[in-house]
Visitor: 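For reference, the structure I am asking about is given below.
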Amino acid sequence: MNIMLLIQAKPDWQVLAQDAARLLMPEMLVILFACFVLVLEFMLTPEQRRWAAYLSLAGLGAAGLSLALMFVKFTTAEVGFYEMVVVDGFALVFKVIFLLAAIFTIALSIKFLDVENEQRGEYYSLILFATAGMMFMASGADLLSIFISFELMALTTYILVAYLKRDRRSNEAAMKYFLLGIFSSGIFLYGMSLIYGLTAETNLTKIADTLARLARQQAPQATGFVAMAGMIFIAAAMFFKIAAVPFHMWCPDAYEGAPTSVTAFMSVGPKAAAFAIFARIFIDGLPGLRGDLTGESFGWVGLLAIVSALTMTWGNIAALTQNSAKRLMAYSSISHAGYLLLGLIAGNETGYIGLVIYLFVYVFMNLGAWGVIVAQRRASILGERVDDFNGLIHRSPGMAVMMTIFLLSLTGIPPTAGFVGKYFLFAGLIETGNAWLIALCVLAVINTAISLYYYARFIKAMFMSDVKEEEPLALSTSLRATLVTATVMVLLVGVYPRPFIAFTENATRHLLGL
Amino acid sequence: MFLKLVWLIPALPLLSAAILGIFGRPLRWSERTISWIACGSVFLSLVITAGVFVQYRAAHWPEPYLTSEAGGFPHSFVWVPGGDAELSLGPRAGQRATFRAEWSYQVDPLSMVMMVVVTLVGFLIHVFAIGYMRGDGGFYRFFAELNLFMFMMLTLVMGSNFLMLFVGWEGVGLCSYLLIGYWFHRADAKAASMKAFIVNRIGDFGFLLAMIAVFSLFGTLQFTEVMRLAADEAYLPTEAFGMFGMASWIALGLFIGATGKSAQIPLYVWLPDAMAGPTPVSALIHAATMVTAGVYMLTRTNVIFMKSPTMMFVVAVIGAATLILAAVIAFAQTDIKKVLAYSTISQLGYMFLACGVGAFTAGIFHLFTHAFFKALLFLGAGSIIIALHHKQDMREMGGLKSYMPVTYWTFVIAWLAICGIFPLAGFVSKDEILWRAFTTEVIPGGRWFWFIGLVGVALTAFYMTRLMALTFWGSPRFVPSTQAHGLSDEPAPHEEPRESPKVMTLPLIALAVGTAVAGFVGWPPALGGSHRFERWLNPVLYRRATNAEAMAHHGATEYILMVVSTLLAAMVMAAAYHLYIHRKQTLQAIVEAIRPLYIASARKFWVDEFYESVFVRGLTLGFSRVFWRTDTRVVDGAVNGSAWFTRFSSRLSGWSDLFIVDMIVNAIGFGLRVFSVAFRAAQTGFTQNYALVITFGLLIATAAYFIWGS
Amino acid sequence: MVTEAMWTVLQQVPNQARTWQGFIDALLKKGINDFILLSFLLFAIGVAGVLTRRNILIIFMSIELILNAANLNFIAFTRYWQMSGRLSEHMGHVFTIFIIVVAAAEAVIGLGIVIALYRNRQTVAIDEIDLLKW
Amino acid sequence: MELAGTEAVFFYILALFTLVMAIALVTAPTAVRGALYLMATLIGVAGLFLLLHAEFVAGAQILIYVGGVVVLFIFVIMLVNIRAEINEPFRTYTRQRRLAAVVVIVMVLGVWYFGIQQDPFHLVRQGPVVALIPPPGAPPPPVEEPTLGGRISEDTQEVGSVLYTKAALPFEIASVLLLVAIVGSVVLARTRRQEETFD
């Protein structure tokens, strides 16, 4: 045994520690506070349990502060940890999205867990762990780090879905989500192993370089059998996470059965994280397999276009006749995955801005809508049917108006944020000038028109139906504050989007390779 | 100086809306304060508009466009920046253009006309509403929404690109939704607002597609640029009649948008229901301004329409059909506002007919005059409704002439105008339309359209005279059945109907004056005028060379046509007066004789019921059976299937009332719903089915790449 | 289709393998392709298990097969590139170790969910779990 | 890479063993037997790892997988499954078994067909060549002679060094992952009584 080899290979701890402090401060803070919350749990009496929530909010706030500092500090992309992580505008913007999603979710959950009688610190620490996983995902520059943080997020989400363990529906949702989830993880891994086999690399940029070199050598590997199979397998796992047709079927069931606050989180956080690594792997790692729609090389853009068309249409149409509010919103979330894919398909600056800004506003509008659904859950009332919104305008006019604004934004009606997002996504497609993609854009517009129909069912129930039960909503200060913030942001982005566009340009600059 | 203030015209109502919306309730302002703020802001807009008009006319006309981009006046900003885009259609396909949304205004003859109409009529209606809404609990909310509407409408007419037009377009739809549902505790108001919103959205979708096509073809959304390029014969060639090329497709999308907003066949069903809103709203939004946005848009894009005779023909046919259908339905309505609503649809049909035969000036001129007399009619109806404590059924009116003299005499002027009696505004604009239809060379069959228009004149004269007879003349019928005010059930003490207060009658008088004189703006040369209105609009209109001769052609024919239509109207009016006042038995006999037609008219030709029964009940039931079978056989075993069918059939009965509100969407959406049920059936709840679908998807994708990819 | 496929397979056999000795030689030389095929078969068997078995625990085990297929790929490819002189780092091995760790964590959580589910429903048959549908 | 001679024979034995055990797993009538077949399959895969000079991974496979995961499976089967299987007659397969079997068979045949046609790794037939041209300027990496086995390689060392340098961050994330797994199993598996005792 050559002991010298081990000594030589000794990791440079100083470098690692510096990297950690420099590049991963927000993640470390989030994990640290998650552990604090776990420990704090032991010290609190059942009456004091809410403090765990406040502590986790404080942790997220601290992470947000350090993230803000990083925005100032990092003007160019930096890699660290032996090229395992990259901190660039793209990662930072996504981390902001995850932190916002986590903060909103915790604020929504406090009262909800009281109602469910499951107020425990583990819940909050799990949300923090999931957030940390998502943040690692956004900065992953290597298949290995992406995979392991993907699993951190996914496993945490499975536990959160099963969190109401005495509720049959929660069990069932967790079971389905878990089974299909690890099935898709297996597919993901198999795809990664094929890509690794082709290029002998796990680092995304190196994979891209090797594929480019192979293409230059006219080697059949570059676009052949193994590359395509690996690409499709990885794409399948991504499609699964963002719930794109035909990999979406877990989504309505899991969303319906999961605790509503967790559903709210899942519909925003993990979805955005999946889009982050989707963009990262496909744009950084597999640009050579992009292909186009001319028939010369039918790369991943074709696959994405077909899946996106299917997803929008299927999601919107299946939502039409749902009576469960949670299932309806699940299908809405599926169709939004279809819209978001348009950004990747367009592949130009406008499209990427659309992807990022839509995910950003999606946090506000979707979490807002879910927040109102969460508030419907009272001691004896499930509050998950569209009918349960009947006459909300009489019981709580503020909630009804805010819900309307969120729904209009989800539809994409002009003075709201959803319009700005859809504008960029659609404009990106138009900019490509490809007839197929413009046809796709037309399909998306038609789908937007369809979607109004089922969102309008909420509006109709809230404003035009008679009140069924008079019990007041489960509102708390934090919930109200969240919803008001979300409303203000939805309107602000809708009316004056320029600063937010400038903010998302941080992210797109990287994707465009600038 | 006024041109620098153009941006204030929409901004002032917006400011007022914001102030009222935010502070109105918390500060508990009195109605007086609120009305001063609301009307004051609109009045200031009116003043600025007048100033801009004078200055523009003096300094700039006939140079057509004055836009923010060209530095005409300050305060445009890039609302949403965009990137470079590759054009995909037309001769410039492959070139790149910048796609961005700009917030900028434009002053040109067309938008000037619209601004004058919107601010002037809007101001008068605001003043009227002070009296009409007195004592209503949501006074501040009403005026905030009304002001917001003014902002959106002004944005619509002043925007200098398609995107601004679209924002205003959506915005007025939203405000209309809010204002129709203003009394949201009333079931009909809630249902109507929803219906209006959804039907409008169907139209919007056509407009949006057209907008995408416009950008892909021209590479810009600026009106000036688009119109300049579209006028170029090499860029967008004129199509032959019967051809359906690029211009026709764009025009089709725009026209679908216009039919939704302007209540034309087949999307007209929302407008009568929209009368559930407060009467000033009906007057402002559903008669004078918003519903005419479609005509405005057609005129704004007249170049594209002129390039496509096919679509022009479609527009004319739809306009003509709408004007007849709506007028016939108006025959048998008993609700005074419903009659006026169908009358509005009918008059909008005239405007579309005018656009269709290529006489955009005539369409806009009719829009202009119609704004005055129809607002006057609605406000008069509002005055009556207030006097009768919110009763709208004409069978319980009659003899109001002596109780409400001011309302009566102003109403008479409007009645004469809408019937087309010389020399009021309606006569001038309607004859202009008929004459242009008669002589059109843009599309074939002009004389037939003229004939339809003439029939429309007769129908209009009849139902308007009927309205007068039932409301103002004859003997009072309201005494025995005086009902409570509003919704409360306690009977109110009977009192005589009184003339409305000054704040309501003064706008009536002002509008009556407008109705009387508006026609002289466009007095035809045949009667010694000089067609000022047409010359004013000329710079924004595209005209093909062949058309010029027809324009100049005047002669005996025109006088004959004028006399024919006026005489016809007068005769029908006299006949109707005679029938309704002196010969009720004859009337009864006639009604009995044509009973089926009468019932059909009263039931609006069962269009709503048709949408309901055909699309909602029949087809869904049939299709659901089919899907039930496939589901049980293919997807799952019979056990699950029968349980599912039980749930499904119980849901079916729930559907019919759940979805009654939005029948139009059902018409489009029934197919979607069938698919929806099928898609839901695929979601079996059985995890391994999902895994199988995942595997299947993987297999298909991989196979596709292996077989076709390499 | 199937006969065509078999014919193609036959055609692929190298010339020297047409003799008996050559056939034995070819049989005793196993390269990367055989490992890919093996791992794919393992993957397919795992998928078959996931799709057809009713018992949730067996489904979990089948998913372990899928993960092992990926593991086998990673190790085989590492060896392949190592032998081709391309590779200096053993990322494939490290990847495999992480996959094993993740599989362990997944098993722990999955079995926790199974226990919670079993307490409520008294069954581990997957097709009896269908409260959530349509 | 070529396995020749004895190695090839071992490959046949191990591959056959693994596949047969895997098939036995997915057709096992009871979960306990399934767990035992899983154990056998995992051992077979570990043998293949040894054949590929991945001794450390093979060891980890045996220790973690066979020693940990499978034992966990058996615990849970004891807790859950025995009663379930005895209480009611248990159908082995689901209703969609035929369709699923067709899908899987098509998948296998397709990959076999196309895989043999394309042969993406054909370069290996020509012996140990540098398949990919390294980036210009980089020194050519050392080419290892094919060995016929029988010698413990230094791969373990290299795996260790990579694990603590390149994979340091994923390693830390994995520790968080395990913490989450512990917390999760506690959250999911404890009973109401245990929770109340804790409170």
Side-chain angles (χ1 to χ4, degrees), chain C residues 5 8-9 12 28-33 37-38 40-42 44-45 47-49 51-55 57-58 61-62 64-65 68 71-72 75-76 79-80 82-86 88-91 93-94 96-98 100-101 103-105 107-109 111-116 118 123-124 127, chain D residues 1-5 8 11 15 19 22-23 25-26 31 34 38 45 48-49 52-54 57 60 64-65 68-69 72 76-77 80-81 84 91 93-94 97 100 104 107-108 111 113 116 121 124 128 130-132 141 143-144 146 155 158-159 162-163 167 170 174 177-178 181 184-185 188-189:
Chain C
T8 319
V9 170
Q12 296 295 323
L28 285 180
K29 272 189 177 176
K30 299 277 85 176
I32 183 71
N33 283 346
L37 196 60
L38 174 61
F40 184 77
L41 285 175
L42 214 51
I45 293 171
V47 171
L51 293 185
T52 56
R53 291 299 303 242
R54 280 182 82 222
N55 191 325
L57 293 159
I58 303 254
M61 296 177 200
S62 307
E64 302 296 338
L65 286 186
N68 265 282
N71 281 353
L72 196 56
I75 300 289
R79 183 68 182 155
Y80 170 66
Q82 201 183 352
M83 297 291 283
S84 314
R86 164 82 182 118
S88 51
E89 290 172 327
H90 288 57
M91 272 317 267
H93 289 192
V94 175
T96 310
I97 291 165
F98 280 106
I100 293 174
V101 171
V108 169
I109 289 167
L111 294 173
I113 295 175
V114 170
I115 288 173
Y118 186 74
T123 181
V124 289
D127 51 359
Chain D
M1 171 190 64
E2 284 206 351
L3 302 175
F11 173 81
L19 288 180
I23 291 169
L25 162 60
V26 299
L38 175 65
V45 174
L48 287 167
F49 287 173
L52 290 165
H53 293 246
V57 183
I64 301 176
Y65 244 133
V69 176
L72 189 67
V76 176
I77 291 165
V80 161
N81 205 33
R91 269 189 299 122
Y93 299 108
T94 53
R97 59 187 177 278
V104 171
M107 200 160 77
V108 171
V111 166
Y113 179 71
I116 284 173
F121 295 94
V124 77
V130 182
L132 299 170
V143 177
E144 192 184 338
D155 290 0
E158 286 166 21
V159 169
V162 172
L163 198 56
L177 181 70
L178 289 175
S185 60
L188 294 176

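Here is the naming used below: chain letters follow the sequence lines, and residue numbers restart at 1 for every chain.
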Visitor: Could you tell me which non-hydrogen atom of C:Ala107 sits nearest to which non-hydrogen atom of D:Val69, and how far apart they are?
Guide: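 Minimum heavy-atom contact is CB-CG1, 3.8 Å.
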Visitor: Is D:Tyr93 close to C:Arg54 at the side-chain level, that is, under 4.5 Å between some pair of heavy atoms?
Guide: no
Visitor: Could you tell me which portion of D:Leu19 (side chain, backbone, both or neither) has an atom closer than 4.5 angstrom to a non-hydrogen atom of chain C?
Guide: both
Visitor: Tell me, for C:Ile75 versus chain D, whether the close heavy atoms (under 4.5 Å) come from the side chain, the backbone, both or neither.
Guide: both
Visitor: Pick whichever of D:Leu177, D:Thr94, D:Leu188 has the most heavy-atom pairs under 4.5 Å with chain C.
Guide: D:Thr94
Visitor: Considering only heavy atoms and a distance below 4.5 Å, find which of C:Ile58, C:Val108, C:Leu111, C:Val94 pairs most often with chain D.
Guide: C:Leu111
Visitor: Does the side chain of C:Asn68 reach to within under 4.5 Å of the side chain of D:Tyr65, using non-hydrogen atoms?
Guide: yes
Visitor: Donor-acceptor pair, distance only, cut-off 3.5 Å: does the side chain of D:Ser185 make one with the backbone of C:Ile109?
Guide: no
Visitor: Within a strict 4.5 Å, meaning less than it, do heavy atoms of the C:Asn71 and D:Val57 side chains meet?
Guide: no
Visitor: Considering all heavy atoms of both residues, which atom of D:Ala100 and which atom of C:Thr52 are nearest to each other, and what is their separation?
Guide: CB-CG2, 3.7 Å
Visitor: Restricting to non-hydrogen atoms, name the atom on C:Phe98 and the atom on D:Ala167 that form the minimum distance, rounded to 0.1 Å.
Guide: CE1-CB, 3.8 Å
Visitor: Which pair of heavy atoms, one from C:His90 and one from D:Val162, lies closest together, and at what distance?
Guide: N-CG2, 3.9 Å
Visitor: Can you tell which part of D:Phe11 gets under 4.5 Å to a heavy atom of chain C, answering side chain, backbone, both or neither?
Guide: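 The answer is the side chain of D:Phe11.
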Visitor: Out of D:Ala60, D:Ala15, D:Gly184, which one racks up the most heavy-atom pairs below 4.5 Å with chain C?
Guide: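 Heavy-atom pair counts peak at D:Ala15.
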Visitor: Once you round to the nearest 0.5 Å, how far does CG of D:Leu52 lie from NE2 of C:His93?
Guide: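 The NE2 atom of C:His93 is 7.5 Å from CG of D:Leu52, to the nearest 0.5 Å.
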Visitor: Determine the minimum heavy-atom distance between C:Leu42 and D:Ala22, stating which atoms define it.
Guide: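 Minimum heavy-atom separation between C:Leu42 and D:Ala22: CD1-CB, 3.9 Å.
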Visitor: Under a 4.5 Å heavy-atom cut-off, does chain C meet the side chain of D:Leu163, its backbone, both or neither?
Guide: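 Contact with chain C involves both backbone and side-chain atoms of D:Leu163.
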Visitor: What part of D:Val108 gets closer than 4.5 Å to chain C, counting heavy atoms only: side chain, backbone, both or neither?
Guide: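 For D:Val108, the contact with chain C is made by backbone and side chain together.
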Visitor: Which heavy atom of D:Val104 sits nearest to which heavy atom of C:Ala44, and what is that distance?
Guide: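 Minimum heavy-atom separation between D:Val104 and C:Ala44: CG1-O, 3.7 Å.
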